[in-house]
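These numbers were taken from a predicted model, which means no experiment stands behind them.
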Amino acid sequence: GMNINANTDEMKEYSPDNNEMEQRMDILSKTVDEMKMTIKELTQKLNKLEMEKAQESKEEEEEPQERAVLVPHIDSNSVNVNTDKARKIGVWLEEEVGLSEYLELFIDKGFDDMECIKGIKMEDLEAIGIEKQGHKRKIIMAVDKLNGKEAEMI
């Protein structure tokens, strides 16, 4: 029966004693606790950030001053008026044409920089859905002015 003894001896060598097991468990549970803490902290940070972000967008809604001057009747969230190109169109529509209500439509239909605007023809205005004859004429006159042409009276 030598074999059996040899085996149990070997087993002893490989199996960590209780003390070592307890130590390992201890380390493990400490690690788990630390991870829990880390997750908790991260969650809190994330919540805080989300709260701050919500605050910021609330504040923006309360006072969209800069944009309000530029395009009074356009809700800044509904149209992406943050590019300089689009802003130039807003100013042009406001000051040269007097029809800033068409900004959203222009941007939406891809007339989103002044180069595009310069190429606008009467049929473009009809195609994008501007129906009022007087408005179309005003826009075309302003476009002609942009191109350095005196508006021809049609």
Side-chain angles (χ1 to χ4, degrees), residues 1-121 123-132 135-136 138-140 142-143 146-147:
M2 271 308 285
N3 290 5
I4 295 166
N5 284 349
N7 276 351
T8 46
D9 281 349
E10 273 176 40
M11 288 290 285
K12 266 194 190 122
E13 271 174 46
Y14 287 123
S15 67
D17 58 18
N18 279 348
N19 201 11
E20 198 184 333
M21 280 301 261
E22 270 168 32
Q23 278 177 347
R24 283 190 194 181
M25 289 302 288
D26 213 37
I27 291 169
L28 267 178
S29 69
K30 275 192 186 124
T31 310
V32 170
D33 284 346
E34 278 167 23
M35 285 167 95
K36 278 186 189 161
M37 283 299 291
T38 309
I39 289 169
K40 201 171 170 186
E41 281 167 27
L42 286 174
T43 308
Q44 284 169 351
K45 276 183 189 163
L46 200 61
N47 288 343
K48 196 172 160 226
L49 277 175
E50 277 171 2
M51 293 275 287
E52 282 167 12
K53 205 172 173 190
Q55 271 310 112
E56 274 171 30
S57 57
K58 265 216 188 84
E59 281 162 24
E60 271 174 33
E61 280 163 32
E62 282 163 25
E63 36 167 359
Q65 287 164 341
E66 226 178 286
R67 288 185 186 117
V69 174
L70 182 67
V71 267
H73 15 251
I74 286 187
D75 164 27
S76 59
N77 300 323
S78 69
V79 68
N80 199 1
V81 196
N82 54 7
T83 67
D84 274 347
K85 286 176 175 179
R87 196 168 272 140
K88 283 197 181 91
I89 295 174
V91 171
W92 176 76
L93 277 171
E94 183 94 64
E95 293 174 4
E96 300 299 318
V97 191
L99 296 170
S100 59
E101 65 264 35
Y102 290 121
L103 178 59
E104 188 167 356
L105 182 66
F106 275 23
I107 305 292
D108 194 45
K109 298 295 183 183
F111 293 98
D112 52 6
D113 63 37
M114 289 310 288
E115 281 313 301
C116 286
I117 298 284
K118 281 181 178 178
I120 284 182
K121 303 269 179 292
E123 54 265 28
D124 293 321
L125 297 178
E126 283 157 16
I128 67 174
I130 296 176
E131 279 149 26
K132 293 183 179 166
H135 286 187
K136 287 189 284 196
K138 273 186 183 171
I139 293 167
I140 292 300
V143 167
L146 274 181
N147 288 312

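Under the 4.5 Å side-chain criterion, counting only non-hydrogen atoms from C-beta, E126 is in contact with K136. Two residues are said to be in side-chain contact when any heavy atoms from C-beta on lie closer than 4.5 Å; M114 and I89 meet this criterion. I130 places a side-chain heavy atom less than 4.5 Å from the side chain of I128.
Going from atom CD of E101 over to atom CG of L99 covers 5.0 Å, rounded to the nearest 0.5 Å. Here M37 contributes atom CE and L42 contributes atom CG; the two are 11.0 Å apart, rounded to the nearest 0.5 Å. Distance check: L93 CG to I139 CD1 gives 6.5 Å after rounding to the nearest 0.5 Å. Taking CG from L49 and CD from E56, the interatomic distance works out to 9.5 Å, rounded to the nearest 0.5 Å. Here the CD-CG distance, from E115 to L146, works out to 9.5 Å after rounding to the nearest 0.5 Å.
Legend: residues meeting salt bridge (Lys or Arg N to Asp or Glu O under 4.0 Å) with K30, ordered by chain and number and at least two apart, are D26.
Between F111 and F106, the angle of the ring planes lies from 30° to 60°, which puts this pair in the tilted group.
For the salt bridge (charged side-chain N to carboxylate O under 4.0 Å, His left out) condition, no pair includes a residue of residues 31-45, sequence neighbours left out.
For E131, the CD atom is loosely surrounded, since the number of other residues' heavy atoms within 6.0 Å does not exceed 12.
Side-chain atoms of N147 come within 3.5 Å of backbone N or O of V143 as a donor-acceptor pair.
In terms of heavy atoms, C116 sits closest to G110 at SG-O, 4.0 Å. Taking both residues in full, the closest heavy atoms of A86 and L103 are given as O-CD1, 4.0 Å, listed atom of the first, atom of the second, then distance.
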Working note: L46 + K48, criterion side chain to side chain contact (heavy atoms under 4.5 Å, CB included); need CA distance, chi angles, decisive distance, verdict. CA-CA 5 Å; L46 200 61; K48 196 172 160 226; over 6 Å; no
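Partner V91 forms a side chain to side chain contact (heavy atoms under 4.5 Å, CB included) with one of E94, E95, K88 and no other, that one being E95.
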